[in-house]
Undergrad: 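What follows is a structure written as structure tokens; I'll ask about it next.
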Amino acid sequence: MKKSLYIAVFLLLFLCVAVVVAATSLFCLYPKDHRETVSKYARERGIDESLVYAVIKCESGFKIDAVSRKGAVGLMQIMPKTAEWIAKREGIGDIANALTDPDVNIKIGTLYLKYLLDKYGNDLIEALSAYNAGEGNIDRLKREIIAKNGNINVKLTLEDINYKETYNYVKRVLKSQDMYRKLYNLE
């Protein structure tokens with residue numbers, strides 16, 4: 001009897017430790033670095049905080065000085081020309097050499113994300129596709145789908161995205177956004 005009790009207590013303790021380790025691991029996989037900056041700009045733009053975290057996680061893995069092979073820079077992986085265009089559009093001074101500054105990068109990145117959300121009627125699949133593949137590519141894809149279906153009100157679905165990298169990117173961001181919402185109770 002004593003031996004069974006010890007085994008039951010051991011198993012219960014083991015289970016508790018396993019749950020704590022699993023929960024801690026999830027928080028490590030989905031960090032909330034730069035909280036004040038993300039919260040500030042997400043709130044200012046009316047963007048879901050979990051979306052901003054998901055984009056940063058998928059774009060740079062929270063590496064401040066990340067640079068893609070195509071030249072995108074910083075946490076939100078902004079192309080310098082896009083950053084210049086957004087800065088000019090919003091009346092912000094020269095930011096070309098400041099994209100590795102988290103505050104500047106998140107400010108410009110959320111402005112661009114808000115622009116895309118507005119342009120695509122808050123459709124996450126279309127906005128995220130354009131964030132990854134470029135507006136021109138997504139607009140062209142939409143025109144092709146409209147021509148094929150004859151419906152001007154068509155919205156892109158994941159299955160419509162014929163760019164493998166973009167398809168995978170959108171899936172990852174949406175999954176990450178869902179995890180951020182659940183882990184941190186973000187809405």
Side-chain angles (χ1 to χ4, degrees), residues 27 29-68 70-139 142 155-156 158 161 163 165-187:
F27 286 104
L29 288 172
Y30 295 91
K32 276 183 63 178
D33 297 357
H34 313 286
R35 287 177 191 192
E36 294 81 21
T37 305
V38 169
S39 182
K40 172 186 173 185
Y41 291 125
R43 191 173 44 254
E44 283 181 13
R45 318 276 182 260
I47 300 173
D48 188 341
E49 226 178 286
S50 63
L51 178 61
V52 179
Y53 282 119
V55 167
I56 293 171
K57 176 182 175 19
C58 294
E59 286 288 349
S60 69
F62 290 89
K63 259 186 84 181
I64 294 169
D65 58 352
V67 179
S68 76
K70 291 188 178 183
V73 179
L75 291 167
M76 294 189 76
Q77 290 291 276
I78 308 295
M79 293 297 287
K81 287 201 183 282
T82 302
E84 289 171 19
W85 176 76
I86 287 290
K88 184 176 182 181
R89 182 177 187 267
E90 298 294 325
I92 300 168
D94 181 30
I95 48 87
N97 295 320
L99 287 177
T100 56
D101 177 311
D103 187 74
V104 172
N105 192 278
I106 295 169
K107 179 178 187 173
I108 297 296
T110 55
L111 282 166
Y112 185 52
L113 191 55
K114 176 64 174 162
Y115 161 79
L116 292 173
L117 287 164
D118 288 347
K119 177 179 179 173
Y120 295 107
N122 286 316
D123 186 287
L124 277 178
I125 291 174
E126 292 182 8
L128 290 170
S129 295
Y131 194 95
N132 180 262
E135 293 173 70
N137 290 323
I138 298 310
D139 291 345
K142 274 192 78 167
K155 293 288 186 182
L156 287 183
L158 268 175
I161 302 169
Y163 309 112
E165 177 187 330
T166 301
Y167 172 85
N168 290 331
Y169 171 79
V170 172
K171 277 182 65 173
R172 280 192 332 269
V173 172
L174 293 175
K175 178 183 178 252
S176 293
Q177 181 184 26
D178 187 50
M179 288 301 295
Y180 274 103
R181 281 181 173 160
K182 288 175 180 170
L183 282 174
Y184 296 101
N185 201 22
L186 297 172
E187 288 300 323

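Fair warning: this is a prediction, and the values are worked out from it, not measured in the lab.
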Undergrad: Could you tell me the separation between the CG atom of Leu75 and the CD1 atom of Ile108, rounded to the nearest 0.5 Å?
TA: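 Separation between the atoms: 13.0 Å.
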Undergrad: How far apart are the closest heavy atoms of Gln177 and Ala54, and which atoms are they?
TA: N-CB, 3.4 Å
Undergrad: Looking only at the side chains, is there a donor atom on one of Glu59 and Tyr169 sitting less than 3.5 Å from an acceptor on the other?
TA: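 Note: Glu59 and Tyr169 side chains meet the donor-acceptor criterion.
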Undergrad: Could I get the full list of salt bridge (Lys or Arg N to Asp or Glu O under 4.0 Å) partners for Asp33, not counting sequence neighbours?
TA: none
Undergrad: Between Ala130 and Tyr120, which heavy-atom pair has the shortest distance, and what is it?
TA: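 Nearest heavy atoms, Ala130 then Tyr120: CB-CE1, 3.6 Å.
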Undergrad: Keeping the roles fixed (side chain from Glu126, backbone from Ile138), state whether a donor-acceptor pair exists under 3.5 Å.
TA: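 Side chain of Glu126 to backbone of Ile138, a donor-acceptor pair under 3.5 Å: no, none is there.
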Undergrad: Just jot down the salt bridge (Lys or Arg N to Asp or Glu O under 4.0 Å) partners of Glu84, sequence neighbours excluded, or say none.
TA: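 Salt bridge (Lys or Arg N to Asp or Glu O under 4.0 Å) list for Glu84, sorted by chain: empty.
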Undergrad: I need the Leu124 CG to Leu116 CG distance, nearest 0.5 Å.
TA: 11.0 Å
Undergrad: Any side-chain heavy-atom pair from Tyr53 and Cys58 closer than 4.5 angstrom?
TA: no
Undergrad: Determine whether Thr37 and Asn105 satisfy the following criterion, side-chain contact (heavy atoms from CB on, under 4.5 Å), listing intermediate values before the conclusion.
TA: CA-CA 10 Å; Thr37 305; Asn105 192 278; over 6 Å; no
Undergrad: Mind checking what makes ring-ring contact (aromatic ring centres under 6.0 Å, His included) contact with Tyr163, not counting sequence neighbours?
TA: none
Undergrad: Please list, chain by chain and in numerical order, all residues satisfying side-chain contact (heavy atoms from CB on, under 4.5 Å) with Lys175, sequence neighbours excluded.
TA: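 side-chain contact (heavy atoms from CB on, under 4.5 Å) list for Lys175, sorted by chain: Tyr30.
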Undergrad: Please list, one pair per line, the donor and acceptor atoms closer than 3.5 Å that link side chains of residues 90-101 to other protein atoms, with sequence neighbours excluded.
TA:
residue: Asp94; atom: OD1; partner: Ala96; partner atom: N; Å: 3.3
residue: Asp101; atom: OD1; partner: Asp103; partner atom: N; Å: 2.8
residue: Asp101; atom: OD1; partner: Val104; partner atom: N; Å: 3.3

Undergrad: Applying salt bridge (Lys or Arg N to Asp or Glu O under 4.0 Å), can you list everything that pairs with Lys114, at least two apart in sequence or on another chain?
TA: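 Partners of Lys114 under the salt bridge (Lys or Arg N to Asp or Glu O under 4.0 Å) test: Asp118.
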Undergrad: Only counting residues at least two apart or in another chain, list the ones meeting side-chain contact (heavy atoms from CB on, under 4.5 Å) with Lys88.
TA: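 With sequence neighbours excluded, Lys88 shows a side-chain contact (heavy atoms from CB on, under 4.5 Å) to no residue whatsoever.
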Undergrad: Check whether any side-chain heavy atom of Leu117 sits under 4.5 Å from a side-chain heavy atom of Leu51, and report yes or no.
TA: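 Touching, per the 4.5 Å side-chain cut-off.
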Undergrad: What residues form a side-chain hydrogen bond (donor to acceptor under 3.5 Å, both in side chains) with Ser129, not counting sequence neighbours?
TA: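 With sequence neighbours excluded, Ser129 shows a side-chain hydrogen bond (donor to acceptor under 3.5 Å, both in side chains) to no residue whatsoever.
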Undergrad: Of all residues at least two apart in sequence or in a different chain, which pass the side-chain hydrogen bond (donor to acceptor under 3.5 Å, both in side chains) check with Lys32?
TA: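 Once residues adjacent in sequence are excluded, Lys32 has no partner under the side-chain hydrogen bond (donor to acceptor under 3.5 Å, both in side chains) criterion.
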Undergrad: For the pair Val52 and Tyr41, evaluate side-chain contact (heavy atoms from CB on, under 4.5 Å) and give the outcome as yes or no after the intermediate values.
TA: CA-CA 9 Å; Val52 179; Tyr41 291 125; over 6 Å; no
Undergrad: What I'd like to find out is whether the side chain of Ile64 reaches to under 4.5 Å of the side chain of His34, using heavy atoms alone.
TA: yes
Undergrad: Look only at the side chain of Ser176 and the backbone of Arg172, and say whether a donor-acceptor pair between them is shorter than 3.5 Å.
TA: yes
Undergrad: Go through the steps to decide whether Arg45 and Leu113 satisfy the test side-chain contact (heavy atoms from CB on, under 4.5 Å), and finish with yes or no.
TA: CA-CA 9 Å; Arg45 318 276 182 260; Leu113 191 55; over 6 Å; no
Undergrad: Closest approach of Ala66 and Ser60, non-hydrogen atoms and distance?
TA: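 Reported closest heavy-atom pair: CB-CB, 3.9 Å.
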Undergrad: Closest heavy-atom contact between Met79 and Ala72?
TA: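 In terms of heavy atoms, the two residues are closest at SD-N, 3.4 Å.
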Undergrad: State the CD-OH distance between Glu49 and Tyr180, to the nearest 0.5 angstrom.
TA: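 It is 11.0 Å, given to the nearest 0.5 Å.
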Undergrad: Quick one: do the Arg43 and Ser39 side chains pair a donor with an acceptor below 3.5 Å?
TA: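 Checked: Arg43/Ser39 side chains pair up, N/O donor to acceptor below 3.5 Å.
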Undergrad: Going by salt bridge (Lys or Arg N to Asp or Glu O under 4.0 Å), name the residues that satisfy it together with Lys63, two or more places apart in sequence or in a different chain.
TA: none
Undergrad: Working to the nearest 0.5 angstrom, can you tell me the gap between Leu111 CG and Ile78 CD1?
TA: 9.5 Å
Undergrad: Checking side-chain contact (heavy atoms from CB on, under 4.5 Å) for the pair Arg89/Tyr115: CA distance, chi angles, key distance, verdict?
TA: CA-CA 11 Å; Arg89 182 177 187 267; Tyr115 161 79; 3.6 Å; yes
Undergrad: Run the side-chain hydrogen bond (donor to acceptor under 3.5 Å, both in side chains) test against Asp123 and tell me which residues pass, sequence neighbours left out.
TA: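 Listed in chain order: nothing, the list is empty.
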Undergrad: Can you sort out the partners of Glu165 under side-chain contact (heavy atoms from CB on, under 4.5 Å), two or more places apart, ordered by chain and number?
TA: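 Here the qualifying residues are Arg69, Asn132.
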